[in-house]
Amino acid sequence: MTQVGIAEAQVLDALRSVMDPDLHKDIVSLGFIRNMKIEGGVVSFDVNLTTPACPVKDRLREQSRQAVLAVPGVTDARVNMTAEVRRPPAPSTAALQNVKNIVAVGSGKGGVGKSTVAANIAASLARSGARVGLLDADIYGPSIPIMMRSGRPAEPRADNVIEPGDAHGVKVMSMGYLTPGDQPLIWRGPMAHKAVQQSLLGVNWGELDYLIVDLPPGTGDVHLTLVQTVPVTGGVIVSTPQDVGLQISMKTLRMFQQTKVPILGIVENMSYYVCPHCGGSDDLFGHGGAEEAAKAMGVPFLGSIPLDPAIRKASDEGTPVVIAEPGSKSGQAMADVTGALARQVSIRAFRNVTLSIVEE
Amino acid sequence: MTAVPALLPDQTTPVEVRKKGGERITIRWADGHESVYPARTLRGRCPCAQCVNESTGERLVFEEHVNPDVSILEARTVGHYALHFDWSDGHTTGIYSFDYLRRICPCASCAGRAA
């Protein structure tokens with residue numbers, strides 16, 4: 001039916017020049033173009049917007065028309081504007097009703113040992129007899145599978161529910177499981193949003209006392225999805241003693257505050273160096289910076305964790321140091337931080353009243 | 001833009017949220033204040049990117065643009081920090097943080113310093 005040789009691909013290419021001003025993407029990539037028909041030189045199609053109340057509807061219609069008319073051979077372009085309100089995925093928290101506490105672990109920047117701390121907190125809580133889940137939501141560098149040596153969970157069941165892996169008594173789910181092998185996750189915001197929701201609500205967590213969520217470094221999409229999908233009990237911030245690390249950690253603190261996630265406390269990681277030969281300590285990056293900042297901000301300080309090769313080694317071998325060497329200085333430090341955290345969670349549990357909307 | 005006075009935690013912490021059919025939402029705050037939001041007022045203050053220009057902050061959809069009969073089909077909480085509404089006109093994208101809701105309290109004593 002394209003005797004004059006107008007290919008659909010040509011028309012789509014032309015339409016790629018039309019951008020949605022709100023979504024900052026072209027209308028082809030956004031999947032707005034529907035029902036394209038090419039009859040002779042006449043091209044007709046629908047532009048399916050996300051809201052019928054789109055304030056730029058007429059502008060998009062005209063831009064689309066002009067773009068298609070510029071394709072050689074096109075004599076007329078008929079643009080039909082339609083709309084379908086894409087519902088934000090319903091924050092149905094029913095699936096997590098059996099999870100008593102959701103604790104988010106964040107940091108201002110990468111490389112401060114956030115995942116190591118999260119893995120140790122989870123393992124330590126499990127060791128204390130609690131039912132614990134660990135969700136590795138770090139889409140940029142999911143490292144929990146290595147640190148916990150947890151196997152990839154089985155394929156989703158028929159009802160699309162994923163069974164979490166199990167390691168050191170902790171139920172484990174990682175963003176890293178969502179792609180095959182060593183492939184990186186190269187996602188735009190909406191993809192990350194969907195994956196985080198699936199990892200929260202689409203995993204058979206069962207009854208949990210604590211679900212520890214290892215956030216990506218910084219502030220962004222994943223954090224917002226988390227707080228919008230489930231009621232987060234509180235947030236933990238992992239920082240190094242250095243000022244620069246702390247300055248950035250403050251941003252994470254403000255992010256938690258702005259989304260009304262109570263701050264459970266700050267952990268100072270790489271606080272001091274324990275010499276593996278003599279057992280002596282040295283303050284490589286300074287010491288106590290996080291504690292001072294916590295005091296200044298009026299949030300709890302949960303403890304200091306040394307920069308200890310044993311922690312790194314235990315993590316690389318897939319057994320958190322609280323399990324591998326519970327009696328060591330580092331193992332004890334991790335256990336102390338976990339205890340301080342659990343205490344803050346309990347305090348919150350009494351203070352937090354679940355808000356519901358009542359019909360009058 | 002004039003500086004917006006900071007709100008105290010009690011002023012932005014809801015202790016009760018009530019919904020009367022589709023017509024209004026009432027929030028009682030920790031400081032004892034009560035805010036009553038008629039549906040149309042609330043719809044006309046939607047903070048989403050379709051109703052407010054993201055980069056300039058300029059409001060695009062005002063109360064007078066909203067159907068006088070607009071009603072709330074569904075209201076739900078968003079985490080601990082906000083409310084979300086499904087409107088009878090098909091709009092669903094606004095997330096109203098409690099900070100924002102307190103700032104737009106339409107009562108006579110608050111309205112003077114609204115955001």
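Naming convention: chains lettered A, B, ... in sequence-line order (proteins, then strands); numbering from 1 in each chain. Quick note: numbers below take in every heavy atom, side chains included, and nothing from hydrogens, waters or symmetry partners.
Heavy atoms of I27(B) lying under 4.5 Å from chain A are absent altogether. Residue S55(B): no heavy atom, backbone or side chain, is found under 4.5 Å from chain A. Looking at Q258(A), the atoms closer than 4.5 Å to chain B (heavy atoms on both sides) all sit in the backbone: N, CA, C or O. Using a 4.5 Å cut-off between heavy atoms, N53(B) makes no contact with chain A at all.
Counting all heavy atoms, side chain and backbone alike, I357(A) lies closest to T77(B) at CD1-N, 3.9 Å. Considering every non-hydrogen atom in both E360(A) and R18(B), the closest pair reads OE1-NE, 3.3 Å.
Of the residues considered (K19(B), R24(B), H65(B)), K19(B) shows the highest number of contacts with chain A, using heavy-atom pairs under 4.5 Å.
A distance of 10.5 Å separates CG in D99(B) from OG1 in T259(A), rounded to the nearest 0.5 Å.
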